[in-house]
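See structure below.
These numbers come from the heavy atoms of this one structure, side chains and all, not from hydrogens, waters or symmetry mates.
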Amino acid sequence: ALWEQALAIAREVADRQLEGHVLGDLASLHPEPGQRALNEEALAIHRDLGDRRSEGIVLANLASLHHEQGRMEEAVQKFELAANLNPDSPNMHYDLGVAFHRQGRLEEAHRAIVARSAQGGEEQRRHRVLDAAVLGVLDHAHDLDVERLAAPEAAPHPLAHRLAPE
């Protein structure tokens with residue numbers, strides 16, 4: 001109810017940027033198909049305003065929705081657009097890599113994940129690297145220094161045991 005009120009206020013005061021952000025947040029609370037419609041509406045607003053960063057975020061949300069539904073071609077397309085709009089976002093490149101992986105496009109998955117692995121903080125990087133290694137996207141542990149990142153003194157990752165030497 002509060003998000004609907006926030007949307008009404010944004011529309012009443014004609015704040016299109018706020019309206020786009022509220023629509024995107026509201027979309028995350030709705031099941032499909034309402035989620036897609038709200039994201040599409042937010043996307044149109046961000047495009048009209050030329051807000052490329054927010055456009056990329058909404059595209060990533062739509063890509064995640066396609067990914068969850070098994071519509072991988074659409075997911076990859078939207079993740080690619082999102083990553084191009086937000087080139088400094090390691091999460092968008094990682095998500096693109098995972099979508100490539102689900103399609104069996106392992107070389108592209110590897111490039112997407114490795115290319116952006118150094119972005120973000122050490123904790124985020126370590127989790128992305130370990131997830132990528134578990135997915136089998138990385139060919140060798142040295143690709144991203146997985147051995148160092150999986151060291152016992154580092155904060156444990158839920159999948160770290162899958163990388164531990166036997």
Side-chain angles (χ1 to χ4, degrees), residues 3 17-18 20-32 35-36 38-47 49-146 148-151 154-163:
W3 284 110
Q17 187 171 23
L18 178 59
H21 289 293
V22 172
L23 283 166
D25 291 338
L26 191 56
S28 67
L29 302 174
H30 280 75
E32 198 37 44
Q35 186 177 32
R36 183 186 330 227
L38 290 166
N39 273 313
E40 293 287 353
E41 193 175 347
L43 182 60
I45 290 170
H46 294 310
R47 282 182 172 160
L49 296 174
D51 184 349
R52 294 175 53 84
R53 181 181 173 281
S54 296
E55 179 183 346
I57 291 168
V58 174
L59 283 166
N61 291 341
L62 285 165
S64 294
L65 185 60
H66 294 311
H67 188 260
E68 290 168 10
Q69 295 171 341
R71 297 169 37 203
M72 297 315 300
E73 199 59 43
E74 291 168 286
V76 165
Q77 179 186 25
K78 290 209 176 5
F79 276 135
E80 284 180 317
L81 290 170
N84 287 333
L85 289 169
N86 291 287
D88 295 330
S89 171
N91 292 337
M92 289 187 192
H93 292 277
Y94 175 78
D95 291 342
L96 174 60
V98 171
F100 278 142
H101 183 267
R102 281 211 45 206
Q103 285 187 312
R105 296 163 64 179
L106 300 184
E107 189 172 313
E108 290 162 293
H110 183 270
R111 272 197 309 269
I113 291 171
V114 171
R116 298 301 174 187
S117 65
Q119 294 180 351
E122 183 65 19
E123 182 71 13
Q124 277 188 319
R125 179 178 180 270
R126 189 167 48 79
H127 283 277
R128 283 193 309 277
V129 169
L130 290 170
D131 290 344
V134 170
L135 285 172
V137 174
L138 302 180
D139 295 327
H140 307 286
H142 70 272
D143 279 347
L144 291 174
D145 200 6
V146 172
R148 180 182 62 81
L149 293 172
H157 181 280
L159 302 174
H161 69 280
R162 302 264 309 267
L163 293 174

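The main-chain N or O of D25 is found under 3.5 Å from a side-chain atom of S28 such that the two form a donor-acceptor pair.
For the side chain to side chain contact (heavy atoms under 4.5 Å, CB included) with K78, the lone residue among L65, L62, N61, L43 that qualifies is L62. Only one option out of L59, V98, D95 pairs with F79 in a side chain to side chain contact (heavy atoms under 4.5 Å, CB included); it is D95. Just one of V22, L18, L23 meets the side chain to side chain contact (heavy atoms under 4.5 Å, CB included) condition when paired with I45; it is L23.
No side-chain heavy atom of L106 sits under 4.5 Å from any side-chain heavy atom of F100. Counting heavy atoms from C-beta on, the side chains of M72 and H67 come closer than 4.5 Å.
Side-chain atoms of Q103 and E108 include no donor-acceptor pair closer than 3.5 Å.
Residue G20 comes nearest to A42 through the heavy atom pair O-CB, 3.4 Å, listed as atom of the first residue, atom of the second, then distance. Between H93 and P87, the shortest heavy-atom distance links the atoms NE2-O, 3.3 Å. The shortest heavy-atom contact between S54 and H21 is OG-CE1, 3.0 Å. A82 and G56 make their closest contact through CB-O, 3.3 Å (heavy atoms, listed as atom of the first residue, atom of the second, distance).
Here the CE-CG distance, from M92 to L85, works out to 8.0 Å after rounding to the nearest 0.5 Å.
Sorted by first then second residue, the salt bridge (charged side-chain N to carboxylate O under 4.0 Å, His left out) pairs that include residues 49-67, not counting sequence neighbours, are R47-E55.
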Requested in this report: Output, in order, the C-alpha distance, side-chain angles, deciding distance and verdict of side-chain contact (heavy atoms from CB on, under 4.5 Å) for R36 and Q69.
Outcome: CA-CA 12 Å; R36 183 186 330 227; Q69 295 171 341; 3.5 Å; yes
